[in-house]
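In what follows, a structure is listed as structure tokens, so that the remarks can point back to it.
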Amino acid sequence: MRYISTRGGAPALDFQAVTLAGLASDGGLYVPEHVPALSAGEFRAMAGLDYVETAVRVMTPFVGDTIPQADLRALLTQAYASFDHPAVAPLKQLDGRTWLLELFHGPTLAFKDFALQVLGLLFERFLANADRPLTVVGATSGDTGSAAIHALAGRDKVRVVMLHPKGRVSEVQRRQMTTVQAANIRNVAVEGTFDDCQALVKAMFNDAPFRAAQNLSAVNSINWARLLVQVVYYVYAAVRLGAPDRAIAFAVPTGNFGDVFAGYVAHKMGLPVQQLIVATNANDILARALNAGDYSVRTVAPTTSPSMDIQVSSNFERLLFDLCGCDAAQLRAMMATFEATRSLQLAADVRDAAARLFQAYRADEPTTAATMLAAWMQLHEVIDPHTATGLAAAWASDLPADVPLIALATAHPAKFPDAVQAAIGVTPKLPDRMGTFMRARSAMTCCRTILPLSRLMLHVPHDH
Ligand SMILES: *Cc1c(COP(=O)(O)O)cnc(C)c1O
């Protein structure tokens, strides 16, 4: 299996190289040259398999010969051993046609653990013979950072520098990041917004000598391996509800378009997906793009679902590439327009192609809170604000009543206790296994956004 860049100007790579590279050298994103299809019989045979075995079957064609299958199975077994539910991704029925897919049973209580627990082990394996360490830099609004730090702490040949906007992540998220005392982890609190953090990271990647000297890599969802790992739970959940013999719809709380793009890949592999319902919060660039063709950047509004407070959805480029018939020249021109003007109007044929599978909804703050309350009052379910945007979208959709609908529960409600308390009057409890990190000492470096990049990398953290 070979991977190519959406912008056509970077070398084709195998799974190992694509995992370590993150972003393509031409500024594009790596996608598989062909998405391998599974037959109806192969999907049917997965209905009785456990999570790890399902993952082995889904991932093997993409991994190719970069990892022997027995090693892949061992790696996945190790990655999911830390999850606190035997099903790893349990389905919970809400009503006659709606299920919640609980993706928050990993070590940091959000779905990002699924991919990052695997990515941590992939890095360790692929770097075993490397002569110098990889430096993972990332900007986070909370969930990616905590998942990455828990996946990479103490691992050989990887160091992590994670930037978060100071005071703009939840206290649970901040502590999950900053109480991990491992020598290879640096937390940097930036006085600014998530976009400021992102801009610093982008600048580091665009500084070619610096990038080479530090051996930079990325773990945000532009990394193909992350998306691949997420394809698994779409398949796992769908075959439990009758796929491939009936089509399933998914409602997906969306920020960077990574999670829902994994659902798109599952569909391209042959999983019968009736619809992918894209939920945004008030930061609605994807809803505008999919509903009206208007992919234009506005300022980010802070919401109670901060992991979706994003204006530029990096992975949308992967969908555009596919909808343009994998025409890299066309995609390059579109992205050049977008990068120059912060705005792109999608052509009618691209919009029509997207509309065959995607529906998009925007859940504003009152709707998100009302959905948390309705889930609690009517279904006795405490859900987090991100999950609530997805459920709001599911309830607003015009999906036929006989199509099973799976709403992705992307975070545990206790990760966002203030928003949940405000909406339903109940403070969700952290699972017992979470231990004492809410009382432990934090360590983070604080900086202003103007700090030179080299100092960011070298700064020694001190306690706060
Ligand atoms: C990251 C995140 C999202 C958005 O996922 P994308 O892959 O960026 O679309 C939604 N919910 C939660 C809880 C998250 O952490």
Side-chain angles (χ1 to χ4, degrees), residues 29 100-116 119 138-151 164 169-170 172-173 176-177 194 198 218-231 233-234 250-266 276-287 289-290 300 303-319 358 360-363 368 371-372 383-393 407-417 419-420 428:
L29 303 179
L100 271 188
L101 180 60
E102 295 185 350
L103 300 175
F104 49 69
H105 290 280
T108 69
L109 306 177
F111 81 88
K112 292 185 171 78
D113 288 324
F114 274 83
L116 283 159
L119 198 61
T140 183
S141 53
D143 287 341
T144 293
S146 52
I149 286 167
H150 281 256
H164 70 266
V169 297
S170 84
V172 175
Q173 291 174 314
Q176 281 180 330
M177 292 191 281
F194 170 74
Q198 184 94 304
V219 292
N220 58 8
S221 58
I222 58 175
N223 190 306
W224 168 259
R226 268 188 67 176
L227 301 191
L228 170 59
V229 172
Q230 291 169 216
V231 175
Y233 50 69
Y234 285 89
F250 293 91
V252 188
T254 306
N256 219 1
F257 209 77
D259 204 3
V260 72
F261 189 80
Y264 182 68
V265 174
L276 291 170
I277 301 172
V278 174
T280 76
N281 63 21
N283 299 293
D284 62 353
I285 183 169
L286 288 167
L290 291 165
V300 177
T303 71
T304 49
S305 45
S307 299
M308 298 159 64
D309 288 349
I310 272 176
Q311 279 295 337
V312 179
S313 288
S314 314
N315 284 295
F316 197 55
E317 176 168 341
R318 287 186 158 112
L319 179 68
F358 293 92
Y361 292 89
R362 167 192 201 268
T368 302
T371 305
M372 282 191 270
I383 59 172
D384 103 288
H386 303 80
T387 304
T389 65
L391 204 56
L408 271 55
T410 51
H412 191 288
K415 205 161 183 181
F416 303 96
V420 175

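FYI, side chains are in, hydrogens and waters are out, and symmetry mates aren't considered; it's all heavy atoms of this structure. We count ligands from 1, going down the list as the structure has it; atoms in each ligand are counted the same way. The residues of the chain are indexed from 1 along the displayed sequence. Please read these numbers as outputs of a predicted model, since none were measured by experiment.
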**Asked** With no hydrogens and no angle check, is any side-chain donor or acceptor of Thr254 less than 3.5 Å from a backbone partner on Phe257?
**Response**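 Side chain of Thr254 to backbone of Phe257, a donor-acceptor pair under 3.5 Å: no, none is there.
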
**Asked** Do side-chain atoms of Thr387 reach the backbone of Ile383 as a donor and acceptor pair under 3.5 angstrom?
**Response** no

**Prompt:** Under 3.5 Å, is there a donor-acceptor pair linking the side chains of Ser305 and Asn281?
**Reply:** yes

**Item:** Near-ring test Phe194/His164, centroid separation under 6.0 angstrom
**Value:**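 Between His164 and Phe194, the centre distance exceeds or equals 6.0 Å.
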
**Request:** Work out which heavy atom in Ile310 is nearest to a heavy atom in Gly255; give both atom names and the distance.
**Result:**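 That closest heavy-atom pairing would be CG2-O, 3.6 Å.
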
**Message:** Show me, by chain and number, every protein residue that has a heavy-atom distance under 4.0 Å to ligand 1.
**Reply:** Phe111, Lys112, Asp143, Pro253, Thr254, Gly255, Asn256, Phe257, Gly258, Asp259, Ser307, Met308, His386, Thr410, Ala411

**Request:** Sequence neighbours left out, what pairs pass salt bridge (Lys or Arg N to Asp or Glu O under 4.0 Å) with at least one residue falling in residues 276-286?
**Result:** Asp284-Arg288, Asp284-Arg362

